[in-house]
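Following: one structure in structure tokens, then a few remarks.
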Amino acid sequence: MEKVVKKIGLREKQTDFAFWQRKTPAERLAAIELLRDQYIKFIQKDAEPGLQRVCRIVKQAQG
């Protein structure tokens, strides 16, 4: 693999916004999931991966 370095001026620098606009929604979600997983592993060593599940049973009043 050849190492390549590109020198650009500050005004030529692309923004992160432009980078993410070129990605598909699926690629953006995959990146968010990766960051979330890394955060959980770094901050909460004993936490289980995945989102918390919440279930509520609501009884409706009859009548």
| task | Could you tell me which residues satisfy side-chain contact (heavy atoms from CB on, under 4.5 Å) with A18, sequence neighbours excluded, listed by chain and number? | result | T15, R22

| request: Can you sort out the partners of R11 under side-chain contact (heavy atoms from CB on, under 4.5 Å), two or more places apart, ordered by chain and number? | output: none

| CD of E33 to CG of D37: how many Å apart, nearest 0.5 Å? | 6.5 Å

| task | Mind checking side-chain contact (heavy atoms from CB on, under 4.5 Å) for Q60 and listing every partner two or more places apart, or none if nothing turns up? | result | none

| query | What is the minimum heavy-atom distance between R28 and Q21, and which atoms define it? | reply | NH2-O, 3.5 Å

